[in-house]
Amino acid sequence: MQTDGYSLDAQKARMKAFADFNDYEIVGTYEDAGKSGKSIEGRLEFNRMMEDIKSGKDGVSFVLVFKLSRFGRNAADVLSTLQVMQDFGVNLICVEDGIDSSKDAGKLIISVLSGVAEIERENIRVQTMEGRIQKAREGKWNGEFAPYGYQLIDGKLQINEEEAKAIRIIFEQYVHTDIGANGVAKYLENHDICKIQRQNGKNPLFDAHLVRLILKNPVYCGKIAYGRRKTEKVHGTRNEYHLVEQDNYILVDGQHDAIIEENVWQAAQVKLLAQAKKYEHVNRGKDTKTHLLSGIVKCPVCGAGMYGNKSIKRKKDGTKYKDFYYYGCKHRIMTSGHKCDYKKQIREELLDDAVAEVIIKLVSNPKFAEMMQEKINSKVDTATIDTELASYEKQLRQYYAVKLKLAEEIDSLDPDDRHYMKRKADLDDRLYRMYDKIEDVETQLIETRAKKQRKVK
């Protein structure tokens, strides 16, 4: 890694020379090689340094950094972090900038330079975006990966005939038949038309979501679209952003060949719009019904959980007749590369009542009550508990490793990538789910340790 003309080794040598000259003892080195200074989030070594400062490890008085921009480029991050450091009696010295936060002048300079660094980073981002907009106006492709059906050769889109066959079939089936995206996905599967796996997608099946994305993409009729979705800050937040569909965006003739005719693409857009209005979201709104056996009932074919759902029964004239609640296999609709052929919808009311009847009979049986009492009063084998503890501890280590990897992936994302927000949202979702898993395992670990302690007593 090279920064401002200095390699990482040169930066370290410069700081060591400064420390030797001032008779400073170096008690620890923290190095986030390859990490951007745009934010302190995801910088593992930086955060480890802050934890060491808070714990009073080694009793340090100063943190040496090569330049302020290496410490951080977000003014708020720099100033808030520096305040925390000074709360614990630690100051910041920027060797190359000649800044010492223990001095009044140093604090002022840090405030100014950190603001300048943030403005500089924003200017670079704006300039990069302008370059991409100009590239789009010229009909050139901006993405890191070519859309399915194309390949990138010397930065230009070229039709990949092996993939383009599926694209033509998708538009042909959607436009010239009465089936929707789900029907197209099933058609492709039934005719053994699978996705050719590539670096940005490993799912071999064309699911309905992917089919819709393909149908909406004007690149297939020889156009280049840019700015269809814009990253906007969530109102009332500081660092939260979301993608918002835009009505006005760049749409020009591309420098690539079309896979399908423009009139076919336009026909697909008309049908997409018509179908979007035709179907209502039957599971949204004020329906708060609890599906008691969701996830507990298992599919007899694939073994996956069966989940409660609702459909609306209608009369011949189209008016609503009644709501129908049922359990269905979660893979009955092809999603994420999984598909189950078990299509039966089990009436929810019948199954719930049947299970409730069995439970009532069970708990009313005196022998069942005696058996449960014996279980409660029986002594727990500590060897079994030790095995449980070892299993939970191993699982916790694995979850922490995954959490660390996800945090690193989030930090390594390019904020100027047009898919940045979507990729970050996906990684954030996985990270939040991992936090839930960690919390569950930690709870189980605490409960198991308490159970062992009761046994020992």
Side-chain angles (χ1 to χ4, degrees), residues 140-174 179-225 228-229 243 254 256-260 265 268 272 299 301-304 329-341 398 401-402 405-406 408-410 412-414 417-431 433-434:
K140 298 177 181 178
W141 179 251
N142 261 307
E144 181 180 357
F145 300 111
Y148 195 84
Y150 289 96
Q151 56 189 336
L152 274 176
I153 299 178
D154 297 329
K156 295 182 179 179
L157 292 179
Q158 301 286 344
I159 294 178
N160 182 333
E161 284 299 336
E162 192 176 7
E163 295 180 348
K165 293 176 184 177
I167 301 298
R168 295 188 183 101
I169 292 173
I170 288 172
F171 277 93
E172 179 183 347
Q173 288 296 313
Y174 188 76
I179 62 176
N182 281 312
V184 173
K186 291 175 184 176
Y187 177 90
L188 295 173
E189 187 204 3
N190 293 336
H191 289 77
D192 296 323
I193 301 172
C194 297
K195 244 177 66 182
I196 298 172
Q197 297 187 17
R198 47 155 77 180
Q199 70 273 27
N200 62 331
K202 304 298 182 184
N203 182 359
L205 298 178
F206 287 91
D207 57 37
H209 175 67
L210 177 58
V211 169
R212 290 189 190 93
L213 290 178
I214 290 172
L215 292 169
K216 290 179 181 179
N217 198 338
V219 73
Y220 295 114
C221 67
K223 302 287 186 180
I224 288 292
R228 287 191 295 167
R229 292 176 296 275
L243 284 174
H256 61 283
D257 293 329
I259 294 178
I260 51 106
W265 185 81
L272 282 168
C299 174
V301 174
C302 70
C329 176
K330 73 173 184 177
H331 293 322
R332 69 191 183 281
I333 297 176
M334 184 172 55
T335 55
S336 304
H338 301 285
K339 182 180 183 298
C340 180
D341 294 326
Q398 291 173 342
V402 174
K405 185 178 179 181
L406 287 171
E408 289 176 346
E409 288 183 26
I410 291 172
S412 64
L413 290 174
D414 180 6
D417 183 353
R418 72 191 186 97
H419 297 301
Y420 172 75
M421 291 307 301
K422 185 174 182 180
R423 290 174 178 169
K424 186 175 185 302
D426 290 342
L427 288 171
D428 283 341
D429 184 53
R430 290 169 57 190
L431 184 61
R433 288 202 301 268
M434 190 53 58

Any heavy-atom pair between the side chains of [Y] and [X] that's under 4.5 Å?
X: Ile159; Y: Gln151; answer: no
X: Tyr148; Y: Leu210; answer: no
X: Ile179; Y: Lys186; answer: no
X: Leu157; Y: Pro147; answer: yes

Considering all heavy atoms, the nearest [X]-[Y] contact:
X: Leu215; Y: Ala268; result: CD2-CB, 4.3 Å
X: Ala258; Y: Gly222; result: CB-N, 3.5 Å
X: Gly254; Y: Ile224; result: CA-CG1, 3.7 Å
X: Gly149; Y: Ile167; result: CA-CG1, 4.2 Å
X: Cys299; Y: Cys302; result: SG-N, 3.5 Å
X: Ala185; Y: Ala208; result: CB-N, 3.9 Å

Straight-line distance of [X] [atom1] to [Y] [atom2], nearest 0.5 Å:
X: Ile196; Y: Asn160; atom1: CD1; atom2: CG; result: 6.0 Å
X: Leu406; Y: Leu427; atom1: CG; atom2: CG; result: 6.5 Å
X: His209; Y: Arg212; atom1: NE2; atom2: CZ; result: 8.5 Å
X: Glu189; Y: Leu205; atom1: CD; atom2: CG; result: 6.0 Å
X: Phe171; Y: Trp265; atom1: CZ; atom2: CH2; result: 8.0 Å
X: Ile153; Y: His256; atom1: CD1; atom2: NE2; result: 14.0 Å

* Asked: How about Phe206 and Tyr187: are their ring centres within less than 6.0 Å of each other?
  ->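 No: the rings miss the under 6.0 Å criterion.
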
| message | side-chain contact (heavy atoms from CB on, under 4.5 Å) for Lys216 and Val211? Distances and angles first, verdict last. | response | CA-CA 9 Å; Lys216 290 179 181 179; Val211 169; over 6 Å; no

**Prompt:** Counting distance only, does the side-chain N/O of Asn217 pair as donor-acceptor with the main-chain N or O of Leu213 below 3.5 Å?
**Reply:**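 Flag not set: sc Asn217 to bb Leu213 has no pair under 3.5 Å.
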
Worksheet item: So, Glu161 and Arg168, do they make that salt bridge, N to O below 4.0 Å?
Response: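 Yes.
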
Exercise for the section: Run the numbers on Tyr220 and Tyr150 for side-chain contact (heavy atoms from CB on, under 4.5 Å), then give the verdict. Expected result: CA-CA 9 Å; Tyr220 295 114; Tyr150 289 96; 3.8 Å; yes

